[in-house]
Amino acid sequence: MDISDLLNNLNEPQREAVAAPPVHQLVIAGAGSGKTRVLAHRIAYLVRTGEVSPQGILAVTFTNKAARSMRDRIETMLDMPVRQMWVGTFHGIAHRLLRSHWQEAGLPQTFQILDSDDQHRIIKRLLKQMELDEARWPPKQIQWFINGQKDEGRRPDHVDHHNAPFEEQMVRIYAAYEEVCKRSGLVDFAELLLRAHEILLHNKNLLDHYQRRFQHILVDEFQDTNTIQYAWLRLLAGDNNPLFAVGDDDQSIYGWRGAKIENIQRFTKDFPNTRTVRLEQNYRSTGTILSAANALIENNSDRLGKNLWTDGSDGELILLYEAFNDLEEARYIVNSIKNCIDKGIPRNEIAVLYRSNAQSRVIEEGLLRSAIPYKVYGGMRFFERQEVKHALAYLRLISNRNDDASFERVVNTPTRGVGEKTVQMIREQARAYNITLWQAAQQLLDDKQFTARAGNAIQAFMYLIEEMAVETKDMPLHDITEAMLKTSTLIASYEKDKSEKARMRVENLAELVTAARQFEHEEDELSELDSFLAHAALEAGEGQASEYEDPVQLMTLHTAKGLEFEHVYLTGLEEGLFPHRMSMDEPGRLDEERRLCYVGITRAKQQLTISYANVRRLHGNEQYTQPSRFISELPKEYVQEVRIKRQAAVASTMQIETASSNGFQLGSRVAHVKFGEGTVTSSEGDGAHARVQVNFDDIGSKWLVIAYAKLQIL
DNA sequence: AAGATAGTCGTTTTT
DNA sequence: CGACTATCTT
């Protein structure tokens, strides 16, 4: 592809952005306007024109998925692998910097990354140690505080607590937490960013080096950057390197976790002579959907301003459905989905979006009853599962004995007679001498402080780790993993438990070996093992493996950002739910809710259906609701109300309720993903507890909870 | 050391 | 209501 090919299939503003001279650029890219395309084309253009070599490029995204797709697109366009190009997430790139310069960063070479669950555990342990009451100092809140401070670039001694006792205590905990991390060689997500910023800030040589190297810096989803990310970008850009920022202020929906929409708003002030380009032509949605979205977002203040338009047709009106209650809302959606499927729309082109996860349940139950395959996004990811984290903890100890978080996790998992009392002793020793748990245990052993039984148990654990380390020394990664699972008896302990849960865990551990086998180690200064462990922490993997090839998509509005579907159901548009009541007092937060709604609307390609219920069951009690203000912000001419007779609606609601006790008829044939086919022999309970007994052809009879088993009626 | 039971709390989530 | 946790029970 030569340069004209690169530019020919772009529209005017896209081309303007891609072929711009090497100056700062702010590309305000509306939903569906081809922003990833522009980003990838810009990079290909820079390389192809010889403006910069691949290693002179730094391209930053927020998610691993975005980073992968960006690299893929660039490589396709340039028709060559571009290994020297730095394309990655903020965290991934920060990690890479810290690995290369661990000494300057003041980290041990084998430092490990904490995910938020690890962080939570450490904080809880710390509170115990400091004898603070969890009720008064909720670990979640402390986590929030620490990460928030780090996101703002503040170390404990930078926090201005102006003699407020609460804040003062928070800072003390923050400082103590940092101590623990430092001792154990642990780095949390926010720390990756903060430290990557600090090493550049404090090392003139390093900064010079990277400023010389990265002649072009490109950032995706710029509206989501937080303070430290922005500072880091500014530092790297320096006075000479143009920054190419792509984003959409109207899609900023992560303010609540530190993203600063101000960063995109003040970009042109901070970076002088910035060229601003607006991508407003939308290639995704119908004219109707775009007009509605434009009208909605008009209600926000402080926008950079933008109006989406399309070449295509107006399409169908937006459907608005008023349901009697949440069950009836679900019933309507499920019926409507059935119609879509009958019309030939692929199931995975149909999405049900909601503000909060709790809303998925009624929808799921409805889909289950109609035997429509679906997939719920969100929830536990692969590398976050308990058994996988146990396994990773063993691997981490092989690499670094001082990893306290991992030590705590598996010192008695599977149980090997190291009781709470013994662990407590070790913790106290560690604190008294300011050493790690491993070192403390060693000391106590040397001093013969344990009772014979406890001593033997802890000794056995430590031998086990040492033995694993020796045994696996020169093994390839998947052999290390397999050996670890065996030697630690982790897999055996799950195998002897006959429950369904344990069976899944064994499967996941087997999957971990597969993941290890498939892991591609790009040789840098990291060992294959450390590299894999970093990968596991930075990329938590897929959620539930998709059991069907083509399921209806269920997810929160946040998760839906960046995706598109033929038919979108926007559900639960009720005051208090969406906009959420927690966001209604501050105008800034309400604007963010509105942006979330904007994101939801603009996910739809052909048809959008909005629904709300008059009565919703939430936290066990029924609440009367008002339609969301966002509904009234949509111009009437784009919306068509769907009416069904109220009596019919109530009647069918009751039908649902009776049907829910037994959606599966006795004697009907069903299929289960793991157990194969079978016959329903009995049932009991209703709602989420509804269970059916199925006599499977292969493995015999089993009780299954309908809500989980995802049975398909044959 | 696993299992039962009482108590709490209830947006959004990636890295 | 129901998921999750802390604490008590065997």
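It should be emphasised that the depicted structure is a prediction, and the values quoted were computed from it without experimental measurement. Scope of the values below: all heavy atoms of this structure, side chains included, with no hydrogens, waters or symmetry mates.
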What is the distance, rounded to the nearest whole Å, between atom [atom1] of [X] and atom [atom2] of [N]?
X: A:D585; N: B:dT11; atom1: CG; atom2: P; result: 15 Å
X: A:Q119; N: B:dT15; atom1: CD; atom2: P; result: 16 Å
X: A:R616; N: B:dG10; atom1: CZ; atom2: P; result: 19 Å
X: A:Q141; N: B:dC9; atom1: CD; atom2: P; result: 12 Å
X: A:D497; N: B:dG3; atom1: CG; atom2: P; result: 8 Å
X: A:L563; N: B:dT14; atom1: CG; atom2: P; result: 12 Å
X: A:K561; N: B:dT11; atom1: NZ; atom2: C1'; result: 17 Å
X: A:Q359; N: B:dG10; atom1: CD; atom2: C1'; result: 13 Å

Among [options], which nucleotide sits nearest the side chain of [X]?
X: A:S356; options: B:dT11, C:dA6, B:dT15; value: B:dT11
X: A:R361; options: C:dG2, B:dT15, B:dT11; value: C:dG2
X: A:K124; options: C:dA6, C:dG2, B:dT11; value: C:dA6
X: A:R617; options: B:dT12, C:dC1, C:dA6; value: C:dC1
X: A:E384; options: C:dA6, B:dT15, B:dT13; value: B:dT15

Got A:W256 and A:H558 here, is their nearest side-chain heavy-atom distance under 4.5 Å?
yes
A:F189 versus A:L194: any side-chain heavy-atom pair under 4.5 Å?
no
For B:dT11, is there a stacking contact with A:H580, counting only centres under 5.5 Å and planes under 30°?
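The base of B:dT11 is stacked with A:H580 (centres under 5.5 Å, planes under 30°).
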Hey, is A:W256 doing a stacking thing with B:dT12, by the 5.5 Å centroid and 30° angle criteria?
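Stack criterion met.
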When you measure from the side chain of A:S583 to the backbone N and O of A:P579, does any donor-acceptor pair fall under 3.5 Å?
no
Of A:R257 and A:T415, the one whose closest nucleotide on DNA chain B sits nearer the 5' end is A:T415
Quick one: on DNA chain B, does A:V418 or A:L538 contact a more 5' nucleotide (nearest heavy atom)?
A:V418
Look at [X] and [N] and indicate whether a side-chain polar atom (N or O) is within less than 4.0 Å of OP1 or OP2.
X: A:T556; N: B:dT13; value: yes
X: A:N64; N: B:dT15; value: yes
X: A:N226; N: B:dT14; value: no
X: A:R381; N: B:dT15; value: yes
X: A:N357; N: B:dT11; value: no
X: A:T559; N: B:dT13; value: yes

Is B:dT12 syn or anti, taking syn as a glycosidic angle within 90° of 0?
anti
Span that lies between the P atom of B:dT13 and that of C:dC4, in whole angstrom:
15 Å
P gap between C:dT5 and B:dT12, integer Å:
15 Å
Can you tell me how far CZ of A:F450 sits from CD1 of A:I426, rounded to the nearest 0.5 angstrom?
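Reported to 0.5 Å precision, the distance equals 4.0 Å.
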Between A:F519 and A:H535, is the ring centre distance below 6.0 Å?
yes
Kindly write out the residues that satisfy side chain to side chain contact (heavy atoms under 4.5 Å, CB included) with A:V615, not counting sequence neighbours, or none if the list is empty.
A:N325, A:E622, A:Y624
Salt bridge (charged side-chain N to carboxylate O under 4.0 Å, His left out) assessment of A:D224 paired with A:K561:
CA-CA 12 Å; A:D224 288 337; A:K561 192 171 85 155; 2.6 Å; yes
Within the 4.0 Å heavy-atom criterion, would you say A:R589 contacts the bases, only the backbone, or no part of the nucleic acid?
base
